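Treat the numbers as computed from the prediction; the structure is a model and nothing was measured.
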Amino acid sequence: MQTLTHTFRYLFGIIFIALISLPTCAQASDHKLVILTWSEYLSEDLIRQFEQQFSAELHFVYFESDDHRDQIINQTGGKGIDLILVNGTNLDLYVRRKLIKPVPWELLPNARHINDSWRDAFSASSTYAVPYFWGTLGIAYRSDLVSKPFTSWKQLFDPAPELHGKTLIVNNSRDIIGMALKSLGYSANSEDTKELNQIMSLPLLSNPALAQFGYITLDADSSLVKGDIIATIAYGGDALNVAEHDDRIRYVIPDEGGNIWVDYFALAANTNNTRLAMQFLNFINQPENAAINAEAMYLATANTGAHQFLPEAILKDPVIYPDTSLLEKSELYRPLSPQAYRTRATLFSRISR
């Protein structure tokens with residue numbers, strides 16, 4: 001879900017690749033669990049509680065993007081990793097490449113607290129993955145620097161003069177192409193070549209002078225906080241984070257709907273620590289613990305049993321739990337055909353120029 005954090009996280013991931021690629025005679029420890037995930041994506045209190053309760057050590061390897069996670073997996077074959085945080089869209093690919101293995105649900109009694117809609121959201125999720133957090137993709141913008149609030153993707157892709165050069169294009173083909181398609185009234189998962197080619201008629205994508213390219217950071221030096229960027233495609237959770245530094249930052253799911261993302265934990269195919277991994281997943285899915293985690297991350301948990309323990313401020317936050325009507329217009333990203341991937345790659349190379 002998340003975007004950019006700190007450079008040293010990336011370097012740590014590279015160092016980890018080198019270390020776990022070295023030959024070793026040591027056996028995996030029954031008390032050590034290695035988790036590949038986003039940084040700062042689990043409550044520190046829960047980490048300490050789990051380690052104490054199970055006399056275990058949690059070790060984290062952080063990735064900066066979905067592509068970076070795939071790079072780590074590709075270079076290591078998943079060796080040395082026990083649990084992988086995978087976005088729902090990539091689950092089928094990980095299954096086909098035999099990088100993850102089925103979840104032994106009998107070892108996860110707290111799965112009964114997880115919303116079935118997230119367990120069944122993707123073709124592989126009911127067998128291979130444990131839902132964790134979910135959220136949306138929409139528009140983050142500076143409310144004080146626009147003449148009217150954002151309500152439509154068209155306002156982003158055909159920007160008003162005040163937005164020229166101050167709109168950010170994210171470095172993710174699924175997001176930029178998917179939401180461009182939504183702005184034209186099409187599905188974010190469209191494979192129709194004519195529909196796909198129409199996105200190049202959108203001013204933001206066809207005129208280099210109208211946009212910048214990259215990601216917003218989430219700290220006080222963010223370009224959105226400084227006003228160097230007025231609007232960008234953003235995840236709801238990221239928008240909440242950066243808005244802590246400036247309360248004039250707003251987040252909206254446009255009227256056409258956005259993307260719904262779901263993050264899952266999956267067992268690495270080569271793990272020798274299945275039992276400890278399942279103890280960890282069962283622990284974080286105790287409703288009280290899932291609530292602690294959701295409140296710490298300020299994200300929507302897939303564990304509906306946690307709702308009774310969450311404060312109203314979270315349950316009623318429209319960024320975390322959007323209105324049903326907007327969710328109904330939003331879409332999960334679905335796997336695409338090879339031809340559609342090629343078409344989108346060509347279009348994205350023209351956009352990112």
Mind listing the closest non-hydrogen atom pair of [X] and [Y] along with its distance?
| X | Y | answer |
| --- | --- | --- |
| Pro254 | Leu326 | O-CD2, 3.8 Å |
| Leu310 | Ala294 | CD2-CB, 4.0 Å |
| Ser43 | Asn293 | N-OD1, 2.8 Å |
| Pro208 | Ser206 | CD-O, 3.6 Å |
| Asp158 | Pro203 | OD1-CG, 3.4 Å |
| Ser330 | Gly258 | OG-N, 2.9 Å |

Pairs touching residues 93-114 that satisfy ring pair (Phe, Tyr, Trp, His ring centres under 6.0 Å), sequence neighbours left out:
none

Would you sort out whether Glu162 and His164 count as a side-chain hydrogen bond (donor to acceptor under 3.5 Å, both in side chains), showing the intermediate values?
CA-CA 6 Å; Glu162 64 200 19; His164 288 187; over 6 Å; no

Is it true that a side-chain atom of [X] and a backbone atom of [Y] form a donor plus acceptor pair closer than 3.5 Å?
| X | Y | answer |
| --- | --- | --- |
| Arg250 | Asp247 | yes |
| Trp153 | Gly257 | yes |
| Asn273 | Asp82 | no |
| His245 | Leu218 | yes |
| Ser222 | Ile216 | no |

Going by heavy atoms in the side chains, are [X] and [Y] under 4.5 Å from each other?
| X | Y | result |
| --- | --- | --- |
| Glu331 | Lys182 | yes |
| Ile35 | Phe265 | yes |
| Thr136 | Tyr251 | yes |
| Thr271 | Ile81 | no |
| Ile176 | Phe157 | yes |
| Arg96 | Asp92 | yes |
| Val146 | Tyr141 | yes |
| Asn289 | Gln49 | yes |

Leu267/Thr274 under side chain to side chain contact (heavy atoms under 4.5 Å, CB included): CA gap, chis, key distance, verdict
CA-CA 7 Å; Leu267 283 168; Thr274 296; 4.1 Å; yes

Ser325/Asp323 under side-chain hydrogen bond (donor to acceptor under 3.5 Å, both in side chains): CA gap, chis, key distance, verdict:
CA-CA 5 Å; Ser325 63; Asp323 186 86; 2.3 Å; yes

State, without any angle test, whether [X] and [Y] hold a side-chain donor-acceptor pair at a distance under 3.5 Å.
| X | Y | value |
| --- | --- | --- |
| Gln212 | Thr167 | no |
| Asn241 | Tyr298 | no |
| Asn87 | Arg174 | no |
| Thr324 | Glu328 | no |

Where do Ser117 and Asn115 land on the side-chain hydrogen bond (donor to acceptor under 3.5 Å, both in side chains) test, with the steps shown first?
CA-CA 5 Å; Ser117 63; Asn115 190 322; 2.7 Å; yes

Is it true that [X] and [Y] fall in one hydrophobic cluster, defined by side-chain heavy atoms closer than 4.5 Å?
| X | Y | answer |
| --- | --- | --- |
| Phe309 | Leu315 | no |
| Leu181 | Tyr341 | no |
| Ile199 | Leu336 | no |
| Leu299 | Leu332 | yes |

Find the distance between [atom1] ([X]) and [atom2] ([Y]) and round it off to the nearest 0.5 Å.
| X | Y | atom1 | atom2 | value |
| --- | --- | --- | --- | --- |
| Asn90 | Asp66 | CG | CG | 6.0 Å |
| Arg119 | Ser125 | CZ | OG | 9.0 Å |
| Thr217 | Leu224 | OG1 | CG | 9.0 Å |

Kindly indicate, with the supporting measurements, whether the criterion side chain to side chain contact (heavy atoms under 4.5 Å, CB included) is fulfilled by Ile72 and His68.
CA-CA 6 Å; Ile72 293 172; His68 183 208; 3.8 Å; yes

Pair [X] + [Y], salt bridge at N-O below 4.0 Å:
| X | Y | result |
| --- | --- | --- |
| Asp144 | Arg142 | yes |
| Glu64 | Arg69 | no |
| Asp246 | Arg248 | yes |

Going through the distances and angles, do Val103 and Met278 end up as a side chain to side chain contact (heavy atoms under 4.5 Å, CB included)?
CA-CA 8 Å; Val103 175; Met278 296 310 298; 3.7 Å; yes

With a 6.0 Å cut-off on ring centres, are Tyr41 and Tyr132 close enough?
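So the answer is yes for these two rings.
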
For Thr301 and Asn303, what are the C-alpha separation, side-chain angles and deciding distance, and is it a side-chain hydrogen bond (donor to acceptor under 3.5 Å, both in side chains)?
CA-CA 5 Å; Thr301 175; Asn303 188 310; 5.5 Å; no

Using the side chain to side chain donor-acceptor pair (under 3.5 Å) criterion, which residues pair with Glu288? Sequence neighbours excluded.
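In terms of side chain to side chain donor-acceptor pair (under 3.5 Å), with neighbours along the sequence ignored, Glu288 is linked to no residue.
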
Side chain to side chain contact (heavy atoms under 4.5 Å, CB included) between Leu58 and Phe50: does it pass, once the steps are laid out?
CA-CA 9 Å; Leu58 296 181; Phe50 179 81; 3.7 Å; yes

Applying side-chain contact (heavy atoms from CB on, under 4.5 Å) between Tyr215 and each of Thr232, Asn172, Ile169, report the one that passes.
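Of all the options given, the one that passes is Asn172.
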
Taking only residues two or more places apart in sequence or in another chain, which ones pass ring pair (Phe, Tyr, Trp, His ring centres under 6.0 Å) with Trp118?
Trp134

Take the angle between the ring planes of Tyr62 and Phe60 and call it parallel below 30°, perpendicular above 60°, tilted in between.
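Aromatic pair Tyr62/Phe60 classed parallel.
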
